[in-house]
Trainee: 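Following this message is one structure expressed as structure tokens.
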Amino acid sequence: MKPKKNKKKLKRNLILIGLGIALLFLIGFFWGVRGVVLTFTLVIVLFGLKGVLFPALQRTMMTRFGPMIMVSLKSFFRDKKSVLILIVFPLIVIGTVFTSFNIEGTGKLPIGIVVPQGDFDLEEFRAQVRPFFYIVQYDDLDHCLLDLRAYRRYSCVEPIVSDIVKLNVYYDNTRDPIIWEVIQTIDQIANTIETQKSTEAASDFIGRFNDAMVKLDQQDATLQNEINNMYTYIDDTGDAKTDLQMSKQELSSTLNEMDQDLAQVRTEKNSVAYQKQLFYWEAISTLNYIDSMLAIIGQTTTEDYWFGQLTNEVDQLKNEVESYNNQFDTSMSQMDTRLANYEQRSTQGRNYLTKIDSGVGELNDIEHDLTLYQGRMQNTRYEIADVKNDFYTLQGVEPNELVSPVVIQTHATYTGPINKLDEPIKPRTVLQLKQQIQFPVVLIVIVILLSLLIASFVTLKQINTLANQRIKLVPGIFFQEFFAVYISAMLILVLPVLFILLFGNYVYKLPIVANFGVIMLIFFLVCSAIALTGIIVAYLVKTEAMTLQVIPFVLFFMIFFSGVLLPVERMSPLAGFFASIGPAKLGLNAFNKIVFYNLSFNSVSGEVAILVFLVVFLILLAFVVKKIRKA
Amino acid sequence: MAKFVFSVNKLETSYPTASVKKITFKLKDGDLLGIIGPSGSGKSMLLETIVGLKKQDLGELTVTNDEKEIVQLKSIIGYSPQKNALYRLLTVRENFLFFGRLYGLKKKTIVERMNTLLKQVGLQGADKKRIYQLSVGMQKRADIAITLLHKPKIIVLDEPFSGLDISLCRFLWTILKKLAKKGHIVILTSHRIEDVQKYCNQIGLVYDSKYHPTKQVHEAMKKNGRRSLTHYIEQLFGTKI
């Protein structure tokens, strides 16, 4: 049997060596020579240890560690309190914390939107925002900001529409850190809208741009045609002007000639009229003379017949001369009329000449203007050519590269010390603002810590004091004992809380003293609620050592549900609800409203009412626990 | 005829660690009951039940004054637990004032009674000292003095002699005897069996989860031919006390 065993062992060792060599090759392939050397060294060391250390370890494990570990484990698991504190509580904490996260991110937070004036697609904005926020519409910004300061809204969005859409986002910077998530979400929404809008706008722009290019080409061609036409018009105008000038010259010479002829005719007519008048007077005179001669002859002649015949003849002749004279005068008169007509026409012709002159002048002007227009049109063409060149460059631009049409401007609603200064903002002022905003968080954490520890400490002192046995024998001491503990804890708390508050007033410059009454009321209630929790824990646990172990869990719960570690808004709906009615969160909200926005008591009456209810509830609960636990 | 009668009838009380059954006894003015028994037998638990710090499982406790039952037992009981029930950081006077106030006494009355009681227990002039500044014996005497502050009819003392030397023990016994003589009912537990046998007119033995009253103890002693209670108990417990 033994040789067979050795053979098997040899075979196994050979396989192992083979595998080892293969492994070394692989290591060498991936990690190089260093890897091989390192692995080889490790193997040697381990083999060396195998012979020395492992048996020692095994021995020790078996003889000492094992029983010790077993005893420790048994002691631990048989102690119900230890299991409760170190296993059950952590599991509860882990379970609570991780189920408190809202896997869908922040719940729908209420934000306000001011109804915009102008061309703004509110519905589209609402559609984008709706998955993240609960939207409340406002007619004006002031009302929205009023609700913002009263912690009813997280942000107010005011769209201003001009060439671009400007989103004025007012946010409550005292709600650190959740507000940054709100701003980020709004920014992302705006970016999405912006991308969509800019892509649309750019596509539209490029479409219009291309249309414009086509239209420019068409306009250019039309312009060219018009310029060509203009040349024709200018030429035609020049020709018309030349024709007009020539016609004017011809008309002018014709009119001159006609005037000369008319003057000559008039002269000749006057000469003829004069000669006629002369002939007429000579004929009439001659005839009158003949007539007078005849009268003389008639006196002497007997030839009456002949005489009568002659006299008749003379009278007839006189009549004829008169008739001819009259006819001549009539003809002359008609000639005068006609001459006058001709002269009038000539005058009209002259007027036409003047008009032709002015027409030519106008044509000159038109021709000049046309030439100017032509020049300008030509310049326009050159400009169109330049624009087209620019457009050709722009055609290569991608839509997304175009300027964004939506611009976000954020405005913090609490500016603290900044707005009180006329000077430029100093780094120190900004730091002070940040410290002011952080102060309530620090304050509330300290208040939670102190209230819990002091209250539980005072209660435990009271429970565990030997004198308590004697106190319990006093009839009707139950309520007095409880209130004595509660009031003692509260009185001890006054000094540190007051100190922190005054620190906040004088160092952080928060208006705490100015609102001392309300703030003290708030902190009295907050401290009471937390202190009562501490008292209840002390009543439940009773021993100081156990309380010391339990308090960190309670403290963690308190701080966790105050929204300092994980914003309440990011918690699941149920956890968020409990956190929102927790004393720390309520106190924080109320304190912030008072110190940051200087709001009246009315604005925190809701928080105060819930805190009062909580305190009353916790007092009753403390009675029950005290009674049951006989603390 | 006695005015005050404190009756315990078929009382049963228990803790997870111990239980005592069949507790029946009757005490009248001037009685001094010494309860003895081994450690862990339930003596302190019995006293806590008697004073009302612990609720009994069964049975009843009654106190009558001229056969008239007193319902509010706590007001007529003065209790001094095994460890001093005092505020260590307060002075003797402050402790007196505090507990006196709890019982509704006026400051003047408290101070008067304090002076008398401190004189009685031999602590005159120690009123301005803080408790932790006093010796164990002084602390115990201060504690007993405060127990008596509201003039309780029934005085219950749990191991009042632990940590005290012989002379102090004697001094304390003297005080207790005086109190009994004055008409108080004194109930105490102790491991000093001989002292108990010497000073107490009533003895109760807590043993094997049962309460054995005086009569039974004496009968058993007689039966076993033992004169000394210590011997009897040593035989009973099987160990030397």
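Treat the numbers as computed from the prediction; the structure is a model and nothing was measured. All chains are named by letter (A, B, ...) in the order of the sequence lines, taking the proteins before the strands, and each is independently numbered beginning at 1.
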Trainee: Please flag which part of B:Tyr87 lies under 4.5 Å from any non-hydrogen atom of chain A: side chain, backbone, both or neither.
Mentor: both

Trainee: Might you point out which heavy atoms bring A:Thr465 and B:Leu86 nearest each other, and give the distance in Å?
Mentor: OG1-O, 4.4 Å

Trainee: May I ask you to check whether over 12 heavy atoms, not counting those of A:Phe499, lie within 6.0 Å of atom CZ?
Mentor: no

Trainee: Verify the neighbour count for atom NZ of B:Lys54: are there more than 12 heavy atoms of other residues, nucleotides or ligands below 6.0 Å?
Mentor: yes

Trainee: Check whether A:Glu481 gets within reach of chain B through its side chain, its backbone, both or neither, counting any heavy atom under 4.5 Å.
Mentor: neither

Trainee: Keeping A:Lys472 on the side-chain end and B:Gly52 on the backbone end, is there a donor-acceptor pair under 3.5 Å?
Mentor: no

Trainee: Surrounding NZ of B:Lys74 (heavy atoms of other residues, nucleotides or ligands, distance under 6.0 Å), is the total greater than 12?
Mentor: yes

Trainee: For A:Lys542, I'd like to know if atom NZ has over 12 heavy atoms of other residues, nucleotides or ligands within 6.0 Å.
Mentor: yes

Trainee: With rounding to the nearest 0.5 angstrom, report the CG to CD1 distance, B:Leu102 to A:Ile471.
Mentor: 6.0 Å

Trainee: CZ of A:Phe623: more than 12 outside heavy atoms within 6.0 angstrom?
Mentor: yes

Trainee: Check this for me: A:Phe613, atom CZ, are more than 12 non-hydrogen atoms of other residues, nucleotides or ligands nearer than 6.0 Å?
Mentor: no

Trainee: Side chain from CB out, backbone as N, CA, C, O: work out which of these in A:Leu473 comes under 4.5 Å of a heavy atom of chain B, or both, or neither.
Mentor: both

Trainee: List the steps, then state whether side-chain contact (heavy atoms from CB on, under 4.5 Å) holds for A:Gln469 with B:Glu48.
Mentor: CA-CA 9 Å; A:Gln469 283 185 308; B:Glu48 282 176 15; 3.9 Å; yes

Trainee: Working note: A:Arg470 + B:Asp143, criterion side-chain contact (heavy atoms from CB on, under 4.5 Å); need CA distance, chi angles, decisive distance, verdict.
Mentor: CA-CA 10 Å; A:Arg470 179 166 283 139; B:Asp143 189 66; 3.0 Å; yes

